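The first residue of the sequence shown is numbered 1, and numbering continues consecutively from there. Computed from a predicted model, the values in this text were never measured in an experiment.
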Amino acid sequence: MPYIEKHFSLKGKNAVITGGGGTLCGAIAEGFLKAGAKVALWGRNIKTLTDKQKDLCRKGCDVSNIYPVEANLLYESQIDLALEKTISCMGKLDILVNGVGGSSVRCPLVDADVEEFEEIVKLNLLAGCFMPTKRIAAYWIKNDIQGTILNIASMASYNPLSGGWAYSAAKAAVVNQTMAQARELADYGIRVNAIAPGFFIGKQNKRLLKNEDGTLTERGKNILAHTPFNRFGNPGELCAPAIFLCADGASFVSGATMPIDGAYLCNNI
């Protein structure tokens, strides 16, 4: 156990998880809490965050280790206020998980709406990666803290989703940003990695993948046909990889994006 705790525990670490009210990032929050961390859940809707706090408590997490913090991450001033509030609760910050994101309505290229495209890119790339990293990295550099960042990429980072123009473009950029950020922030001992989830059923994509009676939609069938494990992921299966990349045992890992996809990217004919 001492070896495991030294290399894979998050005990004594404080983490911010943006988009923490969602299904996938909520699961990561549960994993972090059970690995010993304190967690601040950042997002635009405080009710969503407090509901997630209650849900985490029902799953055995200590309410005193969970801090819902409301912020619109497209605005640096709100990020700074959220950071100040988080530090006042936790004392310092060690980990940032960039989990804000969301997709759009699928459509042919010629029907894509430019304004919606811009909004989805802002959500997934600016609010979901660039802006929080910029401000929190500045805090770490100023205070000589060797923090850790975990970005959330996607299968769309590698293979664009049909009709998901803005989402795919933004998630491809997240992988690019992960490498760029890792290179620049290495001078300060700050590590930056990402995970690329495969297909997990969450709030946003449930109707795309399953019918009301629980059977698969055509899109759901196509996804499983290209997933060698022949199933969707369980949100809890993101926890161990996320914990590893943010733990001290991964101290020489930076700039990497880890697929968690049931071998989706390995599919061949």
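No single ILVMFWY cluster, assembled from side-chain heavy atoms under 4.5 Å apart, contains both Leu150 and Val174. Following chains of ILVMFWY side-chain contacts shorter than 4.5 Å, one can reach Tyr188 starting from Leu96, so the two form part of one hydrophobic cluster. In the hydrophobic cluster analysis, where Ile, Leu, Val, Met, Phe, Trp and Tyr join through side-chain heavy atoms closer than 4.5 angstrom, Phe117 is grouped apart from Leu74. Under the 4.5 Å side-chain heavy-atom criterion for Ile, Leu, Val, Met, Phe, Trp and Tyr, Ile149 and Leu93 are members of the same hydrophobic cluster. Follow the hydrophobic side-chain contacts under 4.5 Å out from Leu265 and you never reach Met179; the two are in separate clusters.
Atom NZ in Lys54 sits 5.5 Å away from atom OG1 in Thr50 (nearest 0.5 Å). Once rounded to the nearest 0.5 Å, the distance linking CD1 of Ile66 with SG of Cys89 reads 13.0 Å. Rounding to the nearest 0.5 Å gives a distance of 10.0 Å between CD of Gln53 and OH of Tyr67. One distance of note links CD1 of Ile17 with SG of Cys25; it measures 6.5 Å at 0.5 Å rounding. Taking CD1 of Ile201 as the start and CG of Leu24 as the end, the distance is 11.0 Å to the nearest 0.5 Å. One finds the CG atom of Leu83 at 10.5 Å from the CE atom of Met90 (value rounded to the nearest 0.5 Å).
Residues satisfying the salt bridge (Lys or Arg N to Asp or Glu O under 4.0 Å) criterion with Asp213, sequence neighbours excluded, are absent altogether. Qualifying side chain to side chain contact (heavy atoms under 4.5 Å, CB included) partners for Pro241, counting only residues two or more places apart in sequence or in other chains: Met258, Ile260. When the salt bridge (Lys or Arg N to Asp or Glu O under 4.0 Å) test is applied to Arg135, the partners found at least two apart in sequence or on another chain are Glu76, Asp80. In this view, Phe199 and Tyr264 satisfy the ring pair (Phe, Tyr, Trp, His ring centres under 6.0 Å) rule, not counting sequence neighbours.
For residues 87-103, the set of pairs meeting the side-chain hydrogen bond (donor to acceptor under 3.5 Å, both in side chains) definition, not counting sequence neighbours, comprises Lys92-Asp94, Asn98-Thr133, Asn98-Asn151, Ser103-Arg106. Among residue pairs with one or both ends in residues 17-37, those qualifying as salt bridge (charged side-chain N to carboxylate O under 4.0 Å, His left out) are Glu30-Lys34, Glu30-Lys59; sequence neighbours excluded. A ring-ring contact (aromatic ring centres under 6.0 Å, His included) check over residues 68-98, counting only residues at least two apart or in different chains, returns nothing. Applying the side-chain hydrogen bond (donor to acceptor under 3.5 Å, both in side chains) test to every pair with at least one member in residues 138-149, sequence neighbours left out, gives no pairs at all. Within the structure, salt bridge (charged side-chain N to carboxylate O under 4.0 Å, His left out) contacts touching residues 223-243 (residues at least two apart or in different chains) are Arg231-Glu237. Here side-chain hydrogen bond (donor to acceptor under 3.5 Å, both in side chains) pairs that include residues 239-258, with residues two or more places apart or in two chains, are Lys13-Asp248.
Closest heavy-atom contact between Val63 and Cys57: CB-SG, 3.4 Å. Pairing each heavy atom of Ile152 with each of Gly99, the nearest pair is CG1-CA, 3.8 Å. In terms of heavy atoms, Thr178 sits closest to Ala194 at OG1-CB, 3.6 Å. Minimum heavy-atom separation, Val100 to Gly19: CG2-N, 3.4 Å. Listed here is the closest heavy atom pair of Gln177 and Cys129: CB-SG, 3.9 Å. Across Thr86 and Ala40, no two heavy atoms sit closer than the pair CG2-CB, 3.7 Å.
Side-chain contact between Ile28 and Ile195 is present, with heavy atoms from C-beta onward closer than 4.5 Å. Taking 4.5 Å as the limit, every side-chain heavy atom of Leu73 sits out of range of all side-chain heavy atoms of Met131. For the pair Val253/Leu245, a side-chain contact is recorded, criterion being any heavy-atom separation below 4.5 Å from C-beta on. Residues Thr18 and Val97 form no side-chain contact, since every pair of their non-hydrogen atoms from C-beta on lies 4.5 Å or further apart. The side-chain heavy atoms of Ile87 and Asn14, taken from C-beta on, include no pair separated by under 4.5 Å.
Panel note: side chain Asp55, backbone Asp51; no donor-acceptor pair is recorded below 3.5 Å. Panel note: side chain Thr217, backbone Leu209; a donor-acceptor pair is recorded below 3.5 Å. Under a 3.5 Å cut-off, the side chain of Trp165 and the backbone N or O of Cys107 do form a donor-acceptor pair.
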From CA spacing to verdict: side chain to side chain contact (heavy atoms under 4.5 Å, CB included), Leu56, Leu41: CA-CA 11 Å; Leu56 291 168; Leu41 305 174; 4.2 Å; yes
Stepwise side chain to side chain contact (heavy atoms under 4.5 Å, CB included) check, Asn65 with Phe32: CA-CA 10 Å; Asn65 293 330; Phe32 276 27; over 6 Å; no
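Shown here is Glu116, whose CD atom has more than 12 heavy atoms of other residues, nucleotides or ligands within 6.0 Å.
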Side-chain donor/acceptor pairs under 3.5 Å, residues 119-126, sequence neighbours excluded:
unit_1: Asn124; atom_1: OD1; unit_2: Gly102; atom_2: N; d: 3.0
unit_1: Asn124; atom_1: ND2; unit_2: Gly102; atom_2: O; d: 2.7
unit_1: Asn124; atom_1: ND2; unit_2: Ile120; atom_2: O; d: 2.9

For a quick test of your reading: what N or O donor-acceptor pairs under 3.5 Å do the side chains of residues 155-164 make, sequence neighbours left out?
unit_1: Ser157; atom_1: OG; unit_2: Ser154; atom_2: N; d: 3.1
unit_1: Ser157; atom_1: OG; unit_2: Ser154; atom_2: O; d: 3.0
unit_1: Ser157; atom_1: OG; unit_2: Lys171; atom_2: O; d: 2.7
unit_1: Ser162; atom_1: OG; unit_2: Arg219; atom_2: NH1; d: 3.4

